[in-house]
Amino acid sequence: MSAVKMLSVDLAELNLDRVDKEITTQLKSDEELARLTVDPHLTGIERAIYLLSSGQEVQRVSVITELPNLLRDNTVECMRRVVPKVREVLHVANIDMQLAAATAFLQILERQLVSVEDYKKTFLQTILTSVDNKNEEVANAWLETLLTCIDLLPKDVVKKDVLSIAVNKGQLSQTLQARLSCCKILGKVSSKFENFVVKNDVLPVVLSLCGDVEYDVRACMCQKLDVVAHGLGLELTKAKLLPQLIELSEDESPNVTCACLETTANIISMLDREANVNAIIPMVKELLEKAISKVDTTLPVASKLFGRLCHSLMDYMTVDDKAYFQEYFKKLCKVGVSEKKYKEDTQKLLEGFEMYEQTTDISVETRRYAAYNFPAMVLFVGAKLFRSELYGCFSQLSRDPHSLVRRTVAAGFHEVARLLNTNVGILFTELNSLLNDADIEILKAIIPNFQVIMSPLATLGFDQFTENRTHAVQDVVTNYLRAETTVFSCPCWRTQEAMLANLQTTHLLCSNDFVFNRVLPVLIDKLKYGRALPVRVMAAKTLTTLTRHLKYKSQRDEILDIMIEDFHKSDSCYCRSLFIDLAKCYLQVNSKQAFKDNFYELILNMKSDKVATVRLKMLSIFPDMKRSLKLPKDQNLRTALDTALRQIIVYDKDKDVQQAAQQMSEELTLIQEGSDNTRANRRNLSAEEEDDLKREDEEKEILMREEKDKKDEETKLSKSVEKRNSVGNKKELLSKIPGTKKASSSTMKLSPGSLKGENNQSLSKRALITTGTTNTLTSAKVVAALTNEKHPSVCLIKSKSTTCIPSLIPRLEHRPSTPPKKDPVRRIPVLVNSKTVPSTTSLSPSASFSKKSTSPTPVKRNQSNSSPLTPNALGASTARRGSTTAIGASVVSARRGSVGSASSTASDQSVKVKAGTTPTKPVTMATRLTKKSTK
């Protein structure tokens, strides 16, 4: 019931009764229909005469519009009966009929439907009479027709019938409209006659109109002086027109000043160096100073023409003149925006655009035209001086508070970038600012030209980039991708298509990983969810292009898997249909062999798709598939193609698909396959086959390059490992200090029973004294080995090496180390008999040591003890530096100079640690000195 009530409310809101009344009141009555009805048996000429005589306004307009066609079909009868009636009706015709007649008369002359003599007698006289129509719109329409006819009519007709009337209209006694028409006619006829005709017939009237009392007439005549100068020649222009132009430049009316600037920009190329240096440049400077001081309507015109003026006068300027024009352009860029106001405007810009979007004043127009002329000023100043002279202005214009100025900068950004060439990186800050702009119109202006902006760097190549340039370019591309949110939120599919198309060259600008991780996900997303079909197709083309240039085969295979899983095997018929577009794009970008390897069978499998539209679209790619074949190598693929096509013709249930398949079968019979020996006969190849072979070679080169890079990486890695090992061995050899000759020549042997608890492989290295983490362990093994040999008792002394590398030098026992003189108590601890050490003080193999107690300790072997060497029988034990596991020993002693050693503790000669306990932190020398000083 609620749905019924809602429907009744909606119908009531429609108010169908009122709509029916409006429709019925707008219908024609029977009388009106009768008046509009014409006898169908009348001829075209008779019907035209009847409608012009008694028809309504709409019917008369239709007759005048069809007048050229009537003249084409029956010229004589129409000129005798219809044209006089048309001229008679025009005297009282309304605006629509007048405008239709002006257009029809011009078409008659352009199509040459009548002779020039007949046209002059009939149509031209009507045109000259109608130019003085009181209605301004009608008069302007007839005047435009007359100006166009002047170019098409012979000189004698123009001189006799047009010029004489124009001279009469230029008299001061004529109306303002007539004098304005005279100015335009004189400007048009001046380019048609010789110099003497212009000098005698046109120049006097021109000079008179330049001094007219009405500023509109002076401005209109000033705009035509360049055309008159072209007809007069150089000498007469310098003698007659140039003084008049200088006088008009001093006119008080802004309209005359604007006209003078436009004429000056057009006349510079006609004058010689003397006239430009002595007359034009001073006059232009005066006009510019007047415009910047008054800030009136002249200033936007001066800003608009500034680029043309600079380039036209560049060859005649001195260094001071160029500096003046450069400084003046900087002023134009800052008109209406002071430093303080610029900050306020920028703040307001961040808050909202309402204030600036509603009004467009003179200062905004001036800055907009300055931005429009910026490429011309880069040419004028030079790309080398861009950073020092123009960069500040460009940066300010790109952040202008008004969006109209920023849009103009964005529209011309690619021109400036093209002039800067590889130095376009200077503009990356401004480019990022424009790409991050929230105004869609600015993005519409800059995005279609993004590829042109980055083309100098794309030509240079990513491999030639420095690290800073690489980061800068990737930041620009990141901001470009970020603008996708704004662009795709608006219904501007052409800008979206251009945005995706510009990404085709990103592999030349960014690293392979950046393209794979940042660019390709965006393309896949737009390929799936883009709204417009052209956008999806462009995303497919860009995706296949970038996939071809990926560095690693695994990445290319991953993208192909995404295409197959998300499109070919998709439940959506739109995605499956889009897979065919992907296949077409892939064939356009890659070689035919790559297409056959990756897409050929997948396309043929779509013959059984459950949606007829997909099957119908699949047939469209069959011609390209057949052209990709090379016989006899691809005979199996050709058979599969023919089989799939026959199955569609026979078994497909959709009539449209069957009919399209039948037509496709006939079309395929006309297509010839290629040959697989084309590579041997490259001289007779077509352009398409040559391109395909080139692509195939490039793909092979990409694979070879990838294999080469892998080998280079492996070689580099192995070399680095070898280098690191060689450096370690070198340090190890440098740290060895040989002992006595007798000790070095003897061979140290261990009994089999002495290997308990020790690693055989580690003990084999007992003779080496190494540095780093292995130093302590190796020293302990050397001591342990020496204690089992039949050598005199040895002790360890501190080496005097400056490298602070602990070393062991075998010495005889009767030559003990000399204790320090200052501290007699301090001495190097000697080995302790294992029998004198209680069993409770031995350490288990799992005991942990700190890094500060890992120094080698001298060991003294007990001569009376003939038991085999065991870990507990060692007089000292050391742990590997940095490890958490220590070798079991009875007593741990630190060598002299280390933390906790005899040299750093005055009372304790050794440090004893109980098994299974954590050793206490020894008192250092620095701590002891601190306590003494405190006392």
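Nothing here was measured: the structure is a model prediction, and the numbers come from that model.
Using a distance-only test at 3.5 Å, with no hydrogens or angles considered, a donor-acceptor pair links the side chain of Lys290 to the main chain of Ser249. Put simply, the side chain of Ser433 never gets that close to the backbone of Thr429: no donor and acceptor are under 3.5 Å apart. For Thr175 (side chain) and Ala178 (main-chain N/O), a donor-acceptor pair under 3.5 Å exists by modelled atom type. The main-chain N or O of Ile150 is found under 3.5 Å from a side-chain atom of Lys192 such that the two form a donor-acceptor pair. Looking only at distances, no side-chain donor or acceptor of Asn449 sits under 3.5 Å from a matching main-chain atom of Val452. Put simply, the side chain of Arg218 gets close to the backbone of Asp212: a donor and an acceptor are under 3.5 Å apart. Looking at Ser190, its side chain never comes within 3.5 Å of a backbone N or O of Val227 through a donor-acceptor pair. Checked by atom type and distance alone, the side chain of Ser191 never pairs as donor or acceptor with a backbone atom of Gly187 at under 3.5 Å.
Counting all heavy atoms, side chain and backbone alike, Pro282 lies closest to Val277 at CD-O, 3.4 Å. Residues Thr495 and Leu443 come closest through the heavy atom pair CG2-O, 4.5 Å. Considering every non-hydrogen atom in both Lys224 and Lys184, the closest pair reads CE-CA, 4.3 Å. Shortest non-hydrogen contact noted between Phe428 and Leu457 is CZ-CD1, 3.4 Å. Minimum heavy-atom separation, Val205 to Gly170: CG1-CA, 4.4 Å. A pairwise comparison of heavy atoms in Met377 and Cys310 identifies SD-SG, 4.0 Å as the closest pair.
The side-chain heavy atoms of Glu365 and Leu299, taken from C-beta on, include no pair separated by under 4.5 Å. Within the 4.5 Å cutoff, the side chain of Glu389 has heavy atoms near those of the Lys330 side chain. The side-chain heavy atoms of Tyr324 and Glu289, taken from C-beta on, include a pair separated by under 4.5 Å. For the pair Met454/Phe450, a side-chain contact is recorded, criterion being any heavy-atom separation below 4.5 Å from C-beta on. The shortest side-chain heavy-atom distance between Leu397 and Thr408 does not fall under the 4.5 Å cut-off. Looking at heavy atoms from C-beta onward, Leu431 lies in side-chain contact with Ile446 at the 4.5 angstrom threshold. A 4.5 Å side-chain heavy-atom check between Leu146 and Leu124 finds at least one atom pair inside the cut-off. At least one side-chain heavy atom of Ile267 sits under 4.5 Å from a side-chain heavy atom of Met270.
The one candidate from Arg406, Arg367, Lys334 that meets the salt bridge (charged side-chain N to carboxylate O under 4.0 Å, His left out) condition with Asp400 is Arg367. Put simply, the residue from Val167, Leu232, Leu163 that forms a side chain to side chain contact (heavy atoms under 4.5 Å, CB included) with Val202 is Leu163.
Interatomic distance, Ile426 CD1 to Leu420 CG, rounded to the nearest 0.5 Å: 5.5 Å. If you take CG on Asp216 and CE on Met221, they are separated by 14.0 Å, rounding to the nearest 0.5 Å. Taking SG of Cys393 as the start and CD of Gln326 as the end, the distance is 10.0 Å to the nearest 0.5 Å. The CG atom of Asp475 sits 8.5 Å away from atom NE2 of His471, with the distance rounded to the nearest 0.5 Å. Here the straight-line distance linking atom CZ of Arg407 with atom CG of Asp439 works out to 6.0 Å at 0.5 Å rounding. Here Gln174 contributes atom CD and Lys169 contributes atom NZ; the two are 6.5 Å apart, rounded to the nearest 0.5 Å.
Lys238 has a carboxylate O that lies under 4.0 Å from a charged side-chain N of Asp272, or vice versa, which qualifies the two as a salt bridge. A salt bridge is absent between Arg494 and Glu497: the closest approach of a Lys/Arg side-chain nitrogen to an acidic carboxylate oxygen does not fall below 4.0 angstrom. Lys285 has a carboxylate O that lies under 4.0 Å from a charged side-chain N of Asp321, or vice versa, which qualifies the two as a salt bridge.
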| request: List the steps, then state whether side chain to side chain contact (heavy atoms under 4.5 Å, CB included) holds for Leu427 with Phe386. | output: CA-CA 11 Å; Leu427 309 178; Phe386 175 82; 3.5 Å; yes
| query | Would Glu250 and Glu286 count as a side chain to side chain contact (heavy atoms under 4.5 Å, CB included) if you check the C-alpha gap in whole Å, the side-chain angles of each, and the deciding distance to 0.1 Å? | reply | CA-CA 9 Å; Glu250 300 174 355; Glu286 184 179 353; 4.2 Å; yes
| said: Show, in sequence, the C-alpha distance, side-chain angles and deciding distance for Asp361 and Ser363, and conclude whether the side chain to side chain donor-acceptor pair (under 3.5 Å) test is met. | reply: CA-CA 6 Å; Asp361 54 3; Ser363 60; 3.0 Å; yes
| side chain to side chain contact (heavy atoms under 4.5 Å, CB included) between Tyr480 and Leu503: does it pass, once the steps are laid out? | CA-CA 9 Å; Tyr480 182 82; Leu503 293 174; 3.6 Å; yes
| Where do Phe374 and Phe413 land on the ring pair (Phe, Tyr, Trp, His ring centres under 6.0 Å) test, with the steps shown first? | CA-CA 9 Å; Phe374 213 96; Phe413 201 102; 9.8 Å; no
| task | Any chance you could lay out the side chain to side chain contact (heavy atoms under 4.5 Å, CB included) test for Thr470 and Phe462, step after step, and finish with the verdict? | result | CA-CA 8 Å; Thr470 300; Phe462 174 76; 3.5 Å; yes
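Ring geometry, His311 versus Phe380: the interplanar angle exceeds 60°, so the pair is classed perpendicular (tilted spans 30 to 60°). By the 30° and 60° cut-offs, the orientation of the rings of Phe306 relative to Phe325 is tilted.
With sequence neighbours left out, the salt bridge (charged side-chain N to carboxylate O under 4.0 Å, His left out) criterion links Arg418 to Glu415.
Enclosure of atom NZ in Lys444 by more than 12 non-hydrogen atoms of other residues, nucleotides or ligands within 6.0 angstrom is indicated. No more than 12 heavy-atom neighbours from other residues, nucleotides or ligands sit within 6.0 angstrom of NZ on Lys159. Heavy atoms of other residues, nucleotides or ligands lying less than 6.0 angstrom from CD of Glu136 number 12 at most. More than 12 heavy atoms of other residues, nucleotides or ligands shown are found within 6.0 angstrom of CZ on Arg482. Atom OH of Tyr215 is surrounded by 12 or fewer heavy atoms from other residues, nucleotides or ligands within 6.0 Å.
Between the side chains of Glu274 and Tyr316, no donor-acceptor pair is found at a separation under 3.5 Å. Glu430 and Tyr391 share a donor-acceptor pair across their side chains, judged by distance under 3.5 Å alone. The closest side-chain donor-acceptor pair between Ser130 and Asn133, if any, does not fall under 3.5 angstrom. Inspection of the Arg399 and Ser395 side chains reveals an N or O donor paired with an N or O acceptor under 3.5 Å. With no hydrogens or angles considered, no side-chain donor-acceptor pair links Arg273 and Asn276 at under 3.5 Å.
Listed by first and then second residue, the side-chain hydrogen bond (donor to acceptor under 3.5 Å, both in side chains) pairs involving residues 294-308 are Asn266-Arg308, Asp296-Thr298 (not counting sequence neighbours).
Geometrically, Lys155 does not engage Phe193 in a cation-pi contact, judged by NZ or CZ lying under 6.0 Å from the ring centre and within 45° of the ring axis.
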